[in-house]
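Scroll down for the structure; my scribbles are underneath it.
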Amino acid sequence: MSAPVLVIKGLQVSYAGNRAVDLAELTVAPGEVVGVVGANGAGKSTLVNAVSGWSRGAPRVAGQITFAGQRVDAWPTHERVRAGLVLVPEGRVAFGRMTVEDNLSAAFAAAPAPGRRVYSRDEIYELFPRLAERREHLGQQLSGGERQMLGIGRALMMGPSVLLLDEPSIGLAPKMVSQVLETLRALARTGLAILLVEQNVRAAIEVVDRLLLLERGRKILEGPAREVGDDPRIAEAYLGATAA
Ligand SMILES: Nc1ncnc2c1ncn2[C@@H]1O[C@H](COP(=O)(O)OP(=O)(O)O)[C@@H](O)[C@H]1O
Ligand SMILES: [Mg+2]
């Protein structure tokens, strides 16, 4: 495995004094898919949002985020994106009133570093033929699965070397879940580093190399997917998520 492209150290994120994430270390290497699982409210979104420098509220973020050898934790989101650290946010279409085609056209990589693969719109249509069929449809008319494909497609056109995904399986039909997650696996084989946040533990375990279990913002378990898959704490998190 090559050296990590994303290294997170001592990350602490709080909302109005309440600690939502407290993570000693998390790394992702090129070609690797790392899964972060945990129940609703465990801090998964807060984590990937902090890494991308984006947030819904006004969290206080402390700690070190090193991306491709550079400290980026003081950088604004757009500069992290330009450097290749790209978040596919939770279940939203960038521009609901724009067509699929225009949504894709609006995504572009500003002067990406050499060696980074920037997908063209046609390559996104090859990767997701369903999007090609829907190219004239408005973003807001898409199904959950199609929205995820559009979000991933837009992200790939920005030339990521690290892709962060926030619950790409949420609201998707089971067949669509495996299709989207298998695509992520295939992208990792091209050298992309992927940090995948999921509440759907069973689906995540099928595609990740390594899995972290978060509980109240802290890592309570980490290991190769094959080994931690049988851990009772993972089963509990899974049952908790299904019961919810
Ligand atoms: N914008 C916000 N303002 C205040 N508290 C928040 C905000 N977003 C999340 N939280 C709190 O932070 C904790 C983690 O939330 P979140 O990261 O959304 O969890 P998950 O994505 O795992 O469901 C929860 O206790 C949640 O209530
Ligand atoms: Mg979330």
Side-chain angles (χ1 to χ4, degrees), residues 6 8-28 33-65 73 76-77 80-81 85-94 144-145 147-152 154-155 162-172 176-177 180-181 184 194-205 207-208 210-223 225 228-229 231 233-244:
L6 179 66
I8 298 162
K9 282 211 165 103
L11 183 68
Q12 300 185 325
V13 189
S14 316
Y15 298 99
N18 296 313
R19 183 68 45 83
V21 168
D22 189 352
L23 198 59
E25 196 184 58
L26 171 60
T27 63
V28 190
V33 184
V34 175
V36 175
V37 298
N40 199 17
K44 306 181 298 297
S45 295
T46 300
L47 167 64
V48 282
N49 290 346
V51 172
S52 71
W54 180 87
S55 75
R56 192 167 275 129
R60 200 183 156 275
V61 182
Q64 296 183 8
I65 301 167
D73 38 81
T77 303
R80 298 187 206 191
V81 170
L85 185 57
V86 183
L87 170 70
V88 180
E90 199 179 347
R92 288 184 289 111
V93 172
R147 282 172 197 219
Q148 279 309 325
M149 293 173 185
L150 183 56
I152 294 168
R154 282 177 48 85
V162 173
L163 204 56
L164 311 162
L165 296 110
D166 193 354
E167 300 209 42
S169 80
I170 206 161
L172 267 56
M176 201 56 94
V177 171
V180 167
L181 295 185
L184 295 180
I194 297 182
L195 184 60
L196 169 69
V197 156
E198 265 300 339
Q199 211 180 330
N200 188 339
V201 180
R202 280 301 145 211
I205 251 173
V207 295
V208 303
R210 200 147 45 83
L211 199 68
L212 266 79
L213 177 59
L214 277 193
E215 201 176 278
R216 281 188 227 104
R218 291 171 178 271
K219 174 163 75 181
I220 60 162
L221 183 68
E222 178 178 7
V228 299
D231 192 288
R233 284 167 292 181
I234 291 281
E236 267 169 48
Y238 168 59
L239 292 173
T242 347

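Numbering of ligands and ligand atoms starts at 1, following listing order. Just the heavy atoms: all of them, side chains too, but no hydrogens, waters or symmetry mates, feed the values below.
- For the pair N40 and Q199, the tightest heavy-atom approach, listed with the atom from each and the gap, is N-NE2, 3.7 Å.
- For the atom pair I65 CD1 and L6 CG, the distance stands at 7.5 Å (nearest 0.5 Å).
- Listed by chain and residue number, the protein contacts of ligand 1 are Y15, A20, A39, N40, G41, A42, G43, K44, S45, T46, G57 (heavy atom within 4.0 angstrom).
- Each of L164, T27, L212, L85 was checked for a side chain to side chain contact (heavy atoms under 4.5 Å, CB included) with L195, and the lone residue meeting it is L164.
- Taking both residues in full, the closest heavy atoms of A50 and V61 are given as CB-CG1, 4.2 Å, listed atom of the first, atom of the second, then distance.
- Nearest heavy-atom pair, G38 versus L213, reported as atom, atom and distance to 0.1 Å: CA-CD1, 4.0 Å.
- The heavy-atom pair separating G53 from T77 by the smallest distance is O-OG1, 2.7 Å.
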Identify each donor-acceptor pair in which a side-chain atom of residues 14-23 lies under 3.5 Å from a protein atom, sequence neighbours left out, and give them as a table.
| unit_1 | atom_1 | unit_2 | atom_2 | d |
| --- | --- | --- | --- | --- |
| S14 | OG | R19 | NE | 3.2 |
| Y15 | OH | T46 | OG1 | 2.9 |
| D22 | OD1 | Q12 | NE2 | 3.4 |
| D22 | OD2 | R218 | NH2 | 3.1 |

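- R210 pairs with exactly one of V34, V36, V33 by the side chain to side chain contact (heavy atoms under 4.5 Å, CB included) rule, that one being V34.
- The set of protein atoms (N, O or S) found at less than 2.8 Å from the Mg ion (ligand 2) reads S45 OG, by chain and number.
- Under the salt bridge (Lys or Arg N to Asp or Glu O under 4.0 Å) criterion, E215 pairs with no residue at all, not counting sequence neighbours.
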